[in-house]
Amino acid sequence: MKYFTGVFKFFAISMEIIHISAECYPVAKAGGLGDVVGALPKYQNKSGHVAKVVMPMYRTKFLYENQWQVDHKGTTSLGSWMFDYTIIKEKTNKLGFDLYLVDINGLLDRDRIYGYHDDTERFMAFQIAVLHWINQWDHKPDVLHCHDHHTSMIPFMVKYCYAFNRLGNVPTVLTIHNAQYQGWMGWDKSHYIPAWDTWKGGLLDWKNTINPLAAGIKTAWKVTTVSSSYLEEMKWSANGLESLISQEQFKSMGILNGIDTEVWNPETDRYLREQYDPEIVRRGKDINKKFLCKEFHLDESNPLVVFIGRLVGEKAADILPDAILSSLYSMQGNVNFLVLGNGEPEIENQLVQLKNTFAGNYNAFIGYDETLSHLMYAGADFLLMPSRVEPCGLNQMYAMKYGTVPMVRSTGGLKDTVVDVGDNGWGIRFEQPTAGDVTYSVGRAVQVYQEKEKMESMQQHMMNIDHSWQHSVDQYINLYQDLKH
Ligand code: ADP
Ligand code: GLC
């Protein structure tokens, strides 16, 4: 479906883009993938395109609190298992785009997004159902935009599964948000894929196993990563896919994520104790900090460093206990830490135990709490991200928008968005994901904190940086349009 969108778009051709994803905020979110898929389509629509999202129907609060209509019912199969699926559509366009959920009874309708023994079957069945549905539309969409390994079999399936031949010339784009997870499945599960051209088996294989992310990289028309630095880094560190990334570089590009300023904006954020703009940043942050410190029994006169994120090796969360301990000793208690996160049980336990040793200077909330995260971006002075791998990172951009100084390891998207204060920037950068580098950086942070005027002008500067989605939307649209020619 194509039409001219009028004088204001200078006769740009409107495109129909179908985003296929495992997450989408506020329907279901485990991390930044959800934030991106909840925002990018909305801003693509605002730019005059027709972007839609298709995702699994999990049992979430959003499902029960909204109105749905049945769009389609179908029957297809995963290997020899025939299953029924239902596509439901949110009735009111609440999120700024058409949202479709795929209901597969007993398989997708669970409380969590990931972490089940049959995740392979769940996401394979989801992808098959999506294509089975789109295949019988009267028209063809302009682009199928897949996100991460949960949907990265789609580029292969539209090209080589006989049942989906009709979609064979629909361009596919795969965005890699995180190459650490690749969805590996043994060759014994190859019968899950609807009848396909077995001569093309090599396209599914990577190191003797079916690797859905690798298959997507090989067969998508274009591959994007969520920052340019990440694309470069993947050539030497991509959890086994390094040579493939180099090989497919000709069709790959980095497009930095934006942030959704309708959700992340201290001037309008309803989760805050006090809303604020750059002019009153000091007062606004003080009120939020006071509230946080009271809740978590911290001394509000100290600089407050926070960590928000998944407690996993990728985020270097394992170094947090040592880094916090060594920073508190070296600063003689003149700094506070607050951690919000969940993940690996061992890291969670260590972070909980630390509470007894450093009450008053340190606290942690182990769990997932959207409201608390907003309050922390607003009330903190510094946000620590020692990540080993960070394809883009949204936290540092949220922090900047809320006037919180990012303290980041120089990697991936962190490198592309944060400039060190020593280079006339507004952040603190370090090289290694180690307790030593973090401790040194905390020392630098405390110094910056003491120079109140400088701190305020850095805060105002970073709050005014434009991280909106518009630039990325334009890049994606150009990329799709290239594929139509
Ligand atoms: P990733 O997707 O790798 O986890 P990002 O920086 O892209 O990292 O995005 C993380 C997103 O998840 C942010 O919106 C962050 O605020 C949120 N988040 C992570 N952990 C938690 C948590 N425990 N509670 C609330 N929000 C969280
Ligand atoms: C992934 C990455 C993160 C990125 C997010 C959204 O989860 O780990 O760096 O910001 O996807 O693209």
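As the structure lists them, so they are numbered: ligands from 1, and atoms in each ligand from 1.
- Atoms of ligand 1 lying under 4.0 Å from at least one heavy atom of Tyr398, given by number and element, are 13 (C), 14 (O).
- The shortest N or O to N or O distance between Leu394 and ligand 1 is under 3.5 Å.
- Heavy atoms of Gln396 come nearer than 4.0 angstrom to ligand 1 in no pair at all.
- Ranking protein heavy atoms by distance to atom 8 (O) of ligand 1, first place goes to Lys315 NZ, 3.1 Å.
- Ion pairing of Arg59 with Asp111 is absent here, as no side-chain N (NZ or NE/NH1/NH2) approaches a carboxylate O to less than 4.0 Å.
- Every atom of ligand 1 is numbered from 1 in the order shown, and the set under 4.0 Å from a heavy atom of Gly367 is 22 (C), 23 (N).
- Partners of Lys61 under the salt bridge (charged side-chain N to carboxylate O under 4.0 Å, His left out) rule, at least two apart in sequence or in another chain, are Glu65.
- Residue contacts with ligand 2: Gly393 is placed with a nitrogen or oxygen under 3.5 Å of a nitrogen or oxygen of the ligand (distance criterion only).
- Within the 4.5 Å cutoff, side-chain heavy atoms of Trp426 are placed close to those of Ile465.
- Judged by the shortest distance from any of its heavy atoms, Cys392 lies outside the 4.0 Å radius around the atoms of ligand 1.
- Salt bridge Lys189/Glu121: present, at least one basic N to carboxylate O contact under 4.0 Å.
- Polar contact with ligand 1: present for Tyr377 (N/O pair, distance under 3.5 Å).
- Within ligand 1, counting atoms from 1 as listed, the ones closer than 4.0 Å to a heavy atom of Gly393 are 6 (O).
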